[in-house]
Amino acid sequence: MPSSDIAILGGGISGIIAALELEARGVFPTLYESSGRLGGRVKTDFFDDIPLDHGFQVLLTAYPEVIKYLDLSVLELNYFKPGAYIFRKDGKVELIGDAFRDPSFLWPTIKANSAGLLDKVKLLGEQRRISALSVDEIFNQIDRPTIDSLHSKYSRRFINQFFKPFYGGIFLEKQLKTTVIQFEFVFHMFAKGYAAMPKRGMQAVIDQLCEKLTKTKVLLNQKVTIEEALNRHDKVIQTFAEKDQKWHGTEVFYFELPNTSKYSDILQHVIGLFPDSNSVNSIHVLKGRNTSILSATAIGVSEDSERLEMSIREEIKMRSGIEPGKLVKHFKIEKALPVISEIRLKPDSSNADSAVIWSGDYLLYPSLNAAMSSGRNAAEKALQA
Ligand SMILES: Cc1cc2nc3c(=O)[nH]c(=O)nc-3n(C[C@H](O)[C@H](O)[C@H](O)COP(=O)(O)OP(=O)(O)OC[C@H]3O[C@@H](n4cnc5c(N)ncnc54)[C@H](O)[C@@H]3O)c2cc1C
């Protein structure tokens, strides 16, 4: 008989998916969440009608787990175009993108000198190669740092002008030491789908999942240890990392911006990159009914956020001509993405018989897809006799 008294510790995506999977099998868990809300690292505040996520996050529509668990049609997604503006240190502004998916990128990409001709040809070849791989094939490769793999294919100029700010912004580390498996997985997902943002922010993902949670007993503001949970329940699904887990951090600054500001329309749909910057890594624009917001992301966390804000303002103005207005919100997130040395597609099955089942993105690779798949896996393990 499956154990029917299961506790889930942590109400992030992984805990929510574990609860949904248990409910679907007729088992109704108790979910303990230490904070006052569900969602974990996915959280959105509002400025008027404009969603301000706690850290710049996007939904990759090709994520297999996103397709499985979310109804994207009701999220009113704002899709990013498959490319980027590059606001270079020398003042030049270039647009680079996938002209096969969006022909408006063709001419600017041909002209752009952030990448040489060989780089552009190689990128096309890599797009074909990585798109044709299955996710299993990507994860079965011999691993090495992304930067080593890029150096074997592209010029230093292209790596610095494009890959470092673009993928550095995704991995939240500028050196691109993150494994090439993670890089090719993300690259594959970009090639197969789009990066998108729900109209109501990433919190809309949590809201949609939580609507389906009907039989789980949710207890908020309950910080519980595994031992305490085992005293009350037969099995425990633990979804947060140990204290010694290492993390990549980020800061995001949301500035008011006049609706008429330079680049304000296009930056809603294309990300703006700042290569070789010590302050800002990327920007984009969120438009509301009455005003616009410029979101500026820095990789890592600084000891002096006010100084960082000043540098970001100067750098944005100098390179793009955009003048950030009043700061409306700032988030400093020290534990944004777990640093993972050995990336896995699926959880280790070695603790299948244990009363404690581990779950969460930190066990696999940092992403919503991993959090979802590990949540489902944990629920399945918890139901094993
Ligand atoms: C700034 C930022 C940008 C990101 N960008 C992307 C992106 O673009 N694309 C993408 O796919 N992913 C992105 N991610 C990663 C994604 O958000 C995470 O992979 C996912 O949210 C992790 O979910 P989780 O359930 O594994 O962990 P968490 O969300 O961390 O959930 C763990 C939960 O456990 C709770 N908890 C902790 N201790 C206890 C306790 N003792 N008792 C009870 N509860 C406890 C916490 O409060 C939390 O709610 C980003 C994350 C951040 C922060």
Side-chain angles (χ1 to χ4, degrees), residues 7-20 30-44 52-66 70 80 166-173 182 185-186 189-190 193-198 201-203 205-206 209-210 218-229 236-243 245 247-252 271 281-282 284 295 297-301 331-338 340 347 358-378:
I8 300 172
L9 307 189
I13 296 252
S14 147
I16 296 169
I17 293 293
L20 285 172
T30 305
L31 193 161
Y32 296 92
E33 165 55 43
S34 59
S35 74
R37 58 172 281 281
L38 295 183
R41 274 172 273 153
V42 178
K43 189 174 181 184
T44 307
L52 309 179
D53 284 329
H54 289 223
F56 177 55
Q57 290 207 41
V58 290
L59 200 59
L60 295 184
T61 59
Y63 274 161
E65 304 293 340
V66 161
L70 295 175
F80 283 94
F166 191 84
Y167 282 92
I170 292 170
F171 302 151
L172 297 181
E173 57 97 7
Q182 167 95 7
F185 174 71
V186 175
M189 292 301 150
F190 272 115
Y194 286 90
M197 216 180 241
M202 291 298 283
Q203 176 78 41
V205 167
I206 302 299
L209 294 173
C210 287
V218 176
L219 300 174
L220 300 176
N221 300 307
Q222 300 272 330
K223 189 169 181 176
V224 177
T225 63
I226 293 176
E227 293 70 32
E228 287 165 342
V236 173
I237 296 175
Q238 141 87 14
T239 72
F240 51 88
E242 303 280 354
K243 280 204 174 71
Q245 172 69 49
W247 297 86
H248 292 304
T250 181
E251 292 192 47
V252 60
I271 189 106
N281 183 69
S282 63
H284 81 286
S295 146
T297 293
I299 296 177
V301 291
F331 297 110
K332 182 173 185 170
I333 303 156
E334 290 182 9
K335 296 180 177 180
L337 298 181
I340 300 171
W358 307 89
S359 179
D361 69 338
Y362 69 96
L363 295 174
L364 305 177
Y365 49 96
S367 96
L368 298 168
N369 196 68
M372 288 175 167
S373 76
S374 75
R376 180 178 59 256
N377 226 280

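Along the sequence shown, the residues carry numbers beginning at 1. Remember, it's 1-based here, ligands and their atoms both numbered in the order they're listed.
Here the CG-CD1 distance, from L364 to I340, works out to 7.0 Å after rounding to the nearest 0.5 Å. Rounding to the nearest 0.5 Å places CG of L38 at 5.5 Å from CG of L220. Taken from OG in S14 to CG in D361, the straight-line distance is 8.0 Å, to the nearest 0.5 Å. To the nearest 0.5 Å, atoms CH2 (W247) and CD1 (I333) are separated by 11.5 Å. Rounded to the nearest 0.5 angstrom, T44 OG1 and L52 CG are separated by 8.5 Å. One distance of note links CD of E228 with OH of Y32; it measures 9.5 Å at 0.5 Å rounding.
Residues S359 and I237 approach most closely at CB-CG2, 4.0 Å, considering heavy atoms. Nearest approach of F171 to V186, heavy atoms of both residues: CE2-CG2, 4.4 Å. Closest approach of R37 and E33 over heavy atoms only: O-CG, 3.2 Å.
The option from F171, F56, F240 that lies nearest to atom 38 (N) of ligand 1, judged by heavy atoms, is F240. Comparing A336, A18, G360, S367 by heavy-atom distance to atom 53 (C) of ligand 1, the nearest is A336. The option with the heavy atom closest to atom 1 (C) of ligand 1, from among A195, G169, G55, is G55.
Looking at heavy atoms from C-beta onward, E242 lies in side-chain contact with W358 at the 4.5 angstrom threshold. Between H284 and F80, the closest side-chain pair of non-hydrogen atoms falls below 4.5 Å. Counting only heavy atoms from C-beta outward, the side chains of I170 and F190 approach each other to under 4.5 Å.
Among all non-hydrogen protein atoms, the one lying nearest atom 47 (O) of ligand 1 is E33 OE2, 2.7 Å. With hydrogens left out, the protein atom closest to atom 23 (O) of ligand 1 is A371 CB, 3.5 Å, a heavy atom. The closest protein non-hydrogen atom to atom 34 (O) of ligand 1 is G10 CA, 3.2 Å. Nearest protein neighbour of atom 21 (O) of ligand 1, counting heavy atoms only, is V42 CG2, 3.6 Å. Closest to atom 26 (O) of ligand 1 among all protein heavy atoms lies D361 N, 3.0 Å. In this structure, the protein non-hydrogen atom closest to atom 15 (C) of ligand 1 is L337 CD2, 3.6 Å. Protein heavy atom nearest atom 3 (C) of ligand 1, with residue, atom name and distance: Q57 CG, 3.2 Å. In this structure, the protein non-hydrogen atom closest to atom 45 (C) of ligand 1 is S34 OG, 3.2 Å.
Inclusion of V58 in the set of residues having an N or O under 3.5 Å from an N or O of ligand 1 is warranted. Ligand 1 has an N or O atom lying under 3.5 Å from an N or O atom of R41, backbone or side chain. For ligand 1, one of its N or O atoms has an N or O atom of I13 under 3.5 Å away. Polar contact with ligand 1: present for V224 (N/O pair, distance under 3.5 Å). Residue contacts with ligand 1: N369 is placed with no nitrogen or oxygen under 3.5 Å of a nitrogen or oxygen of the ligand (distance criterion only). Close N/O approach between S35 and ligand 1 is not found [any backbone or side-chain N/O within under 3.5 Å]. Taking only nitrogen or oxygen atoms, main chain and side chain alike, S14 reaches within less than 3.5 Å of ligand 1.
Remark: ligand 1 atoms within the under-4.0 Å shell around heavy atoms of G40 are 29 (O), 48 (C), 49 (O). With ligand atoms numbered from 1 in the order given, ligand 1 contributes 1 (C) to contacts under 4.0 Å with heavy atoms of T250. Interface atoms of ligand 1 facing G12, defined by a heavy-atom separation under 4.0 Å, are 25 (O), 29 (O), 31 (O), 33 (C), 49 (O).
At a 4.0 Å heavy-atom cut-off, ligand 1 does not touch L60 at all. Here Q222 has backbone heavy atoms under 4.0 Å from ligand 1, and that is the only part of it that gets that close. If you look at Y63 next to ligand 1, the close heavy atoms, those under 4.0 Å, all belong to the side chain. At a 4.0 Å heavy-atom cut-off, ligand 1 touches L368 through backbone and side chain alike.
Shown here is K335, whose NZ atom has no more than 12 heavy atoms of other residues, nucleotides or ligands within 6.0 Å.
A side-chain donor-acceptor contact under 3.5 Å links Q57 to the backbone of R41.
Between Y63 and F185, the ring planes lie parallel to each other; the angle is under 30°, not in the 30° to 60° tilted range.
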